[in-house]
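Numbers restart at 1 for each chain; the letters A, B, ... are given by sequence-line order, proteins then strands.
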4 protein chains.
Amino acid sequence: MGITERKKRDFEHREQVILGASLNLFDCDEWLSVTVDQIADAAEIGKGTIYKHFSSKEEIYAKLTLDFYYGLLEQLERIDQNRSSISILGDIFKVALHYHLSQPEFRRVTQYCKRIDFKKNHSEEICNAFEKLDSRFRNLVGDILSTGMEKNEIPRTNVRQLYYCMKTCFDGSVDTVWTGYSGLEKVDIDEYIKIITQFMVAGVLGLGDLENNQIAKVYLN
Amino acid sequence: MGITERKKRDFEHREQVILGASLNLFDCDEWLSVTVDQIADAAEIGKGTIYKHFSSKEEIYAKLTLDFYYGLLEQLERIDQNRSSISILGDIFKVALHYHLSQPEFRRVTQYCKRIDFKKNHSEEICNAFEKLDSRFRNLVGDILSTGMEKNEIPRTNVRQLYYCMKTCFDGSVDTVWTGYSGLEKVDIDEYIKIITQFMVAGVLGLGDLENNQIAKVYLN
Amino acid sequence: MGITERKKRDFEHREQVILGASLNLFDCDEWLSVTVDQIADAAEIGKGTIYKHFSSKEEIYAKLTLDFYYGLLEQLERIDQNRSSISILGDIFKVALHYHLSQPEFRRVTQYCKRIDFKKNHSEEICNAFEKLDSRFRNLVGDILSTGMEKNEIPRTNVRQLYYCMKTCFDGSVDTVWTGYSGLEKVDIDEYIKIITQFMVAGVLGLGDLENNQIAKVYLN
Amino acid sequence: MGITERKKRDFEHREQVILGASLNLFDCDEWLSVTVDQIADAAEIGKGTIYKHFSSKEEIYAKLTLDFYYGLLEQLERIDQNRSSISILGDIFKVALHYHLSQPEFRRVTQYCKRIDFKKNHSEEICNAFEKLDSRFRNLVGDILSTGMEKNEIPRTNVRQLYYCMKTCFDGSVDTVWTGYSGLEKVDIDEYIKIITQFMVAGVLGLGDLENNQIAKVYLN
DNA sequence: GATGAATGAGCGTTCATTCAT
DNA sequence: CATGAATGAACGCTCATTCAT
């Protein structure tokens, strides 16, 4: 390995060091008042170096959040697809929620970056990354839904709409597990994950069939 | 009306003026950099006067958010309860989402105040107000679910769990309508509200009955 | 007593109430950040009323300090003058220092008001009051010194100079007893008062006679 | 001289520049309302830079005062010790008072920093510095007194007590020369310094011998 | 490329004082 | 005369970002 190559590796490695140091410092309620100085100290590098890797402090927030979701996607894409669509969707929920729970240190920064105004105030590169992320999720779940309908495992209905319903349910459940994280016992959360997954499954199965349901019919009309 | 009484009225009115002026200024992506000076100017009062009504700038955020939710509760509590539980729940969703959509100027500040770390850094009074709000929502929906089960309109299951499922779905859908607000056409959102409401209804009806569902059974085992 | 007269009395009484309330609040290290609001609350009157009695917050400081010194003068003027001048001077020291010690709550404000720049930034009335105070002290002690020299109890020398020496010693000892107040035991301070009084007496007796002192002679030449 | 070394030198030098600029601005009765902005402008540096050297505005006051006293100690320690103790003590007074007179620009800030409540509201570092200063003065004078007693130049008595008497006299005389500075003619002050020094000498010589003095005896009994 | 000293715009907050009632 | 709500100038301090070395 030549000197140039090693330098490049060092450089790339440093980005992870900065993100790691930041994440550590961000794991407290006062995380918003963590300074760039503190991050530089924790990462054991000069303050100026941080700006060689990130164009602003907010970009650190964004990159952390993106990395978190990249990790999630990786886990979701590894889920065994050779089962019924419902099983797959159920596992996606379970895996995703456990993924969130296993990394509570991302709670604050991820919640912060979800805000509309946060996303809007960023470089095109970051904006694109967030959008690409969305589309990868959309495709992942969309494909499962399409396949499920083809195989008659899921009542046929508008895929895009069904995807939005699942996403809605998913976003809400992330909020719930993370917001409740410090207050609830582990057992409650595990149970919650089980139930919300079932709720989602029931929704997916029921949505296309609602007109056949006696009780719902009244409401729909 | 005595002089003292008028003064008191004026004083109380001014709180609304401040909140109104703030809300106007907060309706843009750069809302976080709106200064207290700007708010005072917009409200046509002295800066010091603001601090007679709010102990800090963040308390303005909190009060706006609380007021928004008070308004929501008021609307929800006005919903006609003399119908099937499913119809009532469906209306709650519809009314709530339309309420959010009709006041997009609250989007940013409300999203901002939902963060865990925001809630923790506040006076006991504010914290209590947020908690009380939660409990009013919980009771409102909880009562409907209980009644629904008694009347066999909803499959019997754990009310608390079912409430969390609905809340999950609701929180997620608020995110969706608000985040998507500026990008989507009105028609899409109206359709979304219809579908997500149905999804929720399907979830509520299906959750307690999942073991009778052929497809879901496979997943559950 | 007529109504007008009573009103006048009430009004005059209120000045003392304000000063008393202020003094209470000023008896802590953070005394400089006590606000006019706090004083008004403690005095159980409206904030505006304070400004009917004092033209500014600093005037409260000044009035408190003046009152303190008026009280001191009163005590000093009550000292029995029918004894040797040395005894009288010694008593003045003792009485004055005990007076300071017995009212430590005046420490901070009095020290604060002694500053050159404080005295300069005041109304003519206040400035005059401080000057008049100085001159009353000067006369009190000056007369004793003059009488003492006439009665040959004190070596003849320049009275004004001797007065300044005594004042010097006195100012310094006030600093010492007040600064040391919280650190020293009561017994130390009582002993200190005894010793410093003797030192002053020795100075008064020795100053006019220094050329007759073998050791001092060397220094003087 | 390497680049790093020069940078360090520049940095250290800037502290003096800030202190110098502050001192200039502080030489007027309104000195307390000099702002950090004004100091930065006068020092021709950015406001933030000031906070790289001083943790607060009050620390500037403290550092100025400390520097002033360091300079005094340096002068006092340079006084020729090969003479009678009385001569040395006399010189200490003279040198110290002239030192104060020669730098009247320190008057206000030094007087301000002497206040009890000022000293209490500071970092441990600053508090220690003030204490260390006290102890250096105490040792300097204490040693001279001890030696003087050994050589029978000063009547034997309690050294600590005698030190406090001298310090008392010294503190008071500093007040006098500085307070009077702007009002008195130069000649008066020079005379005052001569007289107060003699008074102090008389006190030191007389304190231990007071019971042999006919006039004082009456007072003591 | 790495550094970290310098920067200075910017902001929230305070509080003595005023004055209409 | 008493009040206390309104005021707004004033200020200390922060900290993300830059850039000369």
[atom1] of [X] versus [atom2] of [N]: gap in Å, rounded?
X	N	atom1	atom2	answer
C/Lys47	E/dT17	NZ	P	11 Å
C/Ile50	F/dT3	CD1	C1'	12 Å
D/His13	E/dA6	NE2	C1'	16 Å
D/Asp37	F/dT14	CG	P	14 Å
A/Phe54	F/dT18	CZ	P	16 Å
B/Gln38	E/dG10	CD	P	11 Å
C/His53	E/dT17	NE2	C1'	16 Å
A/Glu58	F/dC15	CD	P	14 Å

Mutual orientation of the aromatic rings belonging to A/Phe118 and A/Tyr61 [parallel < 30°, tilted 30-60°, perpendicular > 60°]: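 Tilted: the ring planes of A/Phe118 and A/Tyr61 meet at 30° to 60°.
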Parallel, tilted or perpendicular: which fits the ring planes of C/Tyr112 and C/Trp31, with parallel below 30° and perpendicular above 60°?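 The arrangement is perpendicular - the two ring planes meet at more than 60°.
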Considering every strand shown, what is the Watson-Crick or G-U wobble mate of E/dG4 when both distances are under 3.5 Å?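 Looking at the geometry, E/dG4 pairs with F/dC19.
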C/Asp29 bridged to C/Arg108 by N-O distance under 4.0 Å: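 Yes, C/Asp29 and C/Arg108 are salt-bridged.
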Answer yes or no: is there a donor N or O on one side and an acceptor on the other, between the side chain of A/Thr49 and the main chain of A/Ile45, under 3.5 Å?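 Checked: no pair found.
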Counting only N and O atoms by type, is there a donor-acceptor contact under 3.5 Å from the side chain of C/Gln38 to the main-chain atoms of C/Leu25?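 Looks like no, no N/O pair under 3.5 Å.
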Pick the nucleotide of DNA chain E nearest each of B/Lys57 and D/Ile45; which residue has the one closer to the 5' end?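 Closest to the 5' end, via its nearest nucleotide, is D/Ile45.
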Between A/Phe11 and C/Val34, which is nearer to the 5' end of DNA chain E once each is assigned its nearest nucleotide?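 Between the two, 5'-proximity favours A/Phe11.
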Just checking B/Thr35: base, sugar-phosphate only, or nothing, at a heavy-atom cut-off of under 4.0 Å?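 Here B/Thr35 touches the backbone only, sparing every base.
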Give D/Lys52 one of three labels, base, sugar-phosphate or nothing, depending on what nucleic acid heavy atoms sit under 4.0 Å from its own.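 Base contact.
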By nearest atom, which of the nucleotides E/dA2, E/dG12, E/dA5 is closest to the D/Arg14 side chain?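 Selected nucleotide: E/dA5.
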Please pick, from E/dT17, E/dT7, F/dG12, the nucleotide with the shortest atom-to-atom distance to any side-chain atom of D/Tyr51.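 Looking only at side-chain atoms, D/Tyr51 lies closest to F/dG12.
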Identify, between C/Thr49 and D/Gly48, the residue whose nearest nucleotide on DNA chain F lies closer to the 5' end.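 Taking each residue's closest nucleotide, the earlier one in sequence belongs to C/Thr49.
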